[in-house]
A.B. asks: 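After the structure tokens below, expect a handful of questions from me.
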Amino acid sequence: MPVDQNEVRSAVVREAESWIGTPYRHQGSKKGVACDCLGLVRGIWRAIYGCEPESPGAYAPDWAEAGSRDRLLEAADRLLIRQRPDNALPGDLLLFRWRPGMVCKHAGIVVKDDRFIHAYQGHAVVSSPLVHQWRRRIAASHRFPAFSLKDR
């Protein structure tokens with residue numbers, strides 16, 4: 001059964017906010033225990049759709065520097081709906097590149113026009129201002145699909 005896109009956006013924001021304070025740990029994906037930025041997105045997907053989106057397999061902390069495939073962007077394109085980054089709304093996924101020409105390495109969820117939630121290495125899941133230093137690194141924006149997995 002299709003659901004309203006605004007309901008999905010609201011559910012994504014509520015779920016992302018419930019992860020704030022979860023400690024950072026590479027490859028973690030459990031609310032209140034530990035997660036990295038990918039684990040945060042996977043946990044939000046599980047809460048919204050009731051299943052794991054797909055297994056990322058094991059990945060090293062320097063996975064992006066060690067390879068040339070843009071694995072994070074490829075997965076987002078498979079599972080979510082890409083849109084122009086300047087059209088991102090609360091509830092949308094943002095992917096970041098540290099430098100032009102590099103693969104996407106970080107992810108966060110827009111919660112307001114000027115804030116996003118992400119798992120911040122060395123800290124925890126936090127809400128951060130979407131200041132120029134972050135905005136200039138946005139590589140892509142994706143919308144979570146408006147569907148119930150029971151229909152897929």
A.B. asks: Show the nearest heavy-atom pair for residues S18 and K31, with the distance to one decimal.
C.D. replies: OG-NZ, 3.0 Å
A.B. asks: Less than 4.5 Å apart, side chain to side chain, heavy atoms only: is that true for I117 and V126?
C.D. replies: no
A.B. asks: Where is the tightest heavy-atom contact between L40 and A119, given as atom of each residue plus distance?
C.D. replies: CD2-N, 4.0 Å
A.B. asks: Quick one: do V41 and V33 end up in the same hydrophobic cluster if we chain Ile, Leu, Val, Met, Phe, Trp and Tyr together by side-chain heavy atoms under 4.5 Å apart?
C.D. replies: no
A.B. asks: How close do V111 and P90 get, counting heavy atoms only, and between which atoms?
C.D. replies: O-CB, 3.7 Å
A.B. asks: Can you check whether Q121 reaches H106 side chain to side chain, under 4.5 Å on heavy atoms?
C.D. replies: no
A.B. asks: Got a sec, which residues hit salt bridge (Lys or Arg N to Asp or Glu O under 4.0 Å) with R42, two or more places apart in sequence or on another chain?
C.D. replies: E52
A.B. asks: Hydrophobic clustering (ILVMFWY, side-chain heavy atoms < 4.5 Å, transitive) - are I138 and Y120 grouped together?
C.D. replies: yes
A.B. asks: Output, in order, the C-alpha distance, side-chain angles, deciding distance and verdict of side-chain contact (heavy atoms from CB on, under 4.5 Å) for L93 and W45.
C.D. replies: CA-CA 11 Å; L93 173 74; W45 180 282; over 6 Å; no
A.B. asks: Looking only at heavy atoms, what is the nearest atom pair of V103 and R69, with distance?
C.D. replies: CG1-O, 3.5 Å
A.B. asks: When you measure from the side chain of R46 to the backbone of S29, do you find a donor-acceptor pair of N or O atoms at a distance under 3.5 Å?
C.D. replies: yes
A.B. asks: Hey, does L94 have a side-chain heavy atom less than 4.5 Å from the side chain of S141?
C.D. replies: yes
A.B. asks: Would you find a donor on one side and an acceptor on the other, under 3.5 Å apart, between the side chain of R137 and the backbone of F96?
C.D. replies: no
A.B. asks: If you measure from CD1 on I48 to CD on E7, what distance do you get to the nearest 0.5 Å?
C.D. replies: 11.0 Å
A.B. asks: Evaluate the criterion side-chain contact (heavy atoms from CB on, under 4.5 Å) for residue pair Y24 and C37; output intermediate values, then yes/no.
C.D. replies: CA-CA 8 Å; Y24 181 92; C37 65; 5.8 Å; no
A.B. asks: Hey, does L89 have a side-chain heavy atom less than 4.5 Å from the side chain of Q83?
C.D. replies: no
A.B. asks: Rounded to the nearest 0.5 Å, how far apart are CD1 of I109 and CZ of R115?
C.D. replies: 15.0 Å
A.B. asks: Mind checking salt bridge (Lys or Arg N to Asp or Glu O under 4.0 Å) for R143 and listing every partner two or more places apart, or none if nothing turns up?
C.D. replies: none
A.B. asks: Let me confirm one number: the CG-CZ distance from N87 to R82, rounded to the nearest 0.5 Å.
C.D. replies: 13.5 Å
A.B. asks: Name the orientation class of the two ring planes belonging to F116 and W134 (parallel below 30°, tilted from 30 to 60°, perpendicular beyond 60°).
C.D. replies: perpendicular
A.B. asks: Please indicate whether D113 has more than 12 foreign heavy atoms, meaning atoms of other residues, nucleotides or ligands, lying under 6.0 Å from its CG.
C.D. replies: no
A.B. asks: Mind checking whether H142 and L73 have side chains closer than 4.5 Å, heavy atoms only?
C.D. replies: yes
A.B. asks: V8: which residues meet the side chain to side chain contact (heavy atoms under 4.5 Å, CB included) condition with it, sequence neighbours left out?
C.D. replies: V3, Q5, V12, Y49, F144, A146
A.B. asks: List in chain and number order the residues that pass salt bridge (Lys or Arg N to Asp or Glu O under 4.0 Å) with D92, two or more places apart in sequence or in another chain; answer none if no residue qualifies.
C.D. replies: R9
A.B. asks: To the nearest 0.5 Å, what is the distance between NE2 on H118 and OG on S127?
C.D. replies: 8.0 Å
A.B. asks: So, using salt bridge (Lys or Arg N to Asp or Glu O under 4.0 Å) as the criterion, who are the partners of E54 when residues are at least two apart?
C.D. replies: R78
A.B. asks: Under the rule for side chain to side chain contact (heavy atoms under 4.5 Å, CB included), what residues qualify as partners of R14, not counting sequence neighbours?
C.D. replies: S10, A11
A.B. asks: Might you point out which heavy atoms bring T22 and G32 nearest each other, and give the distance in Å?
C.D. replies: OG1-N, 2.9 Å
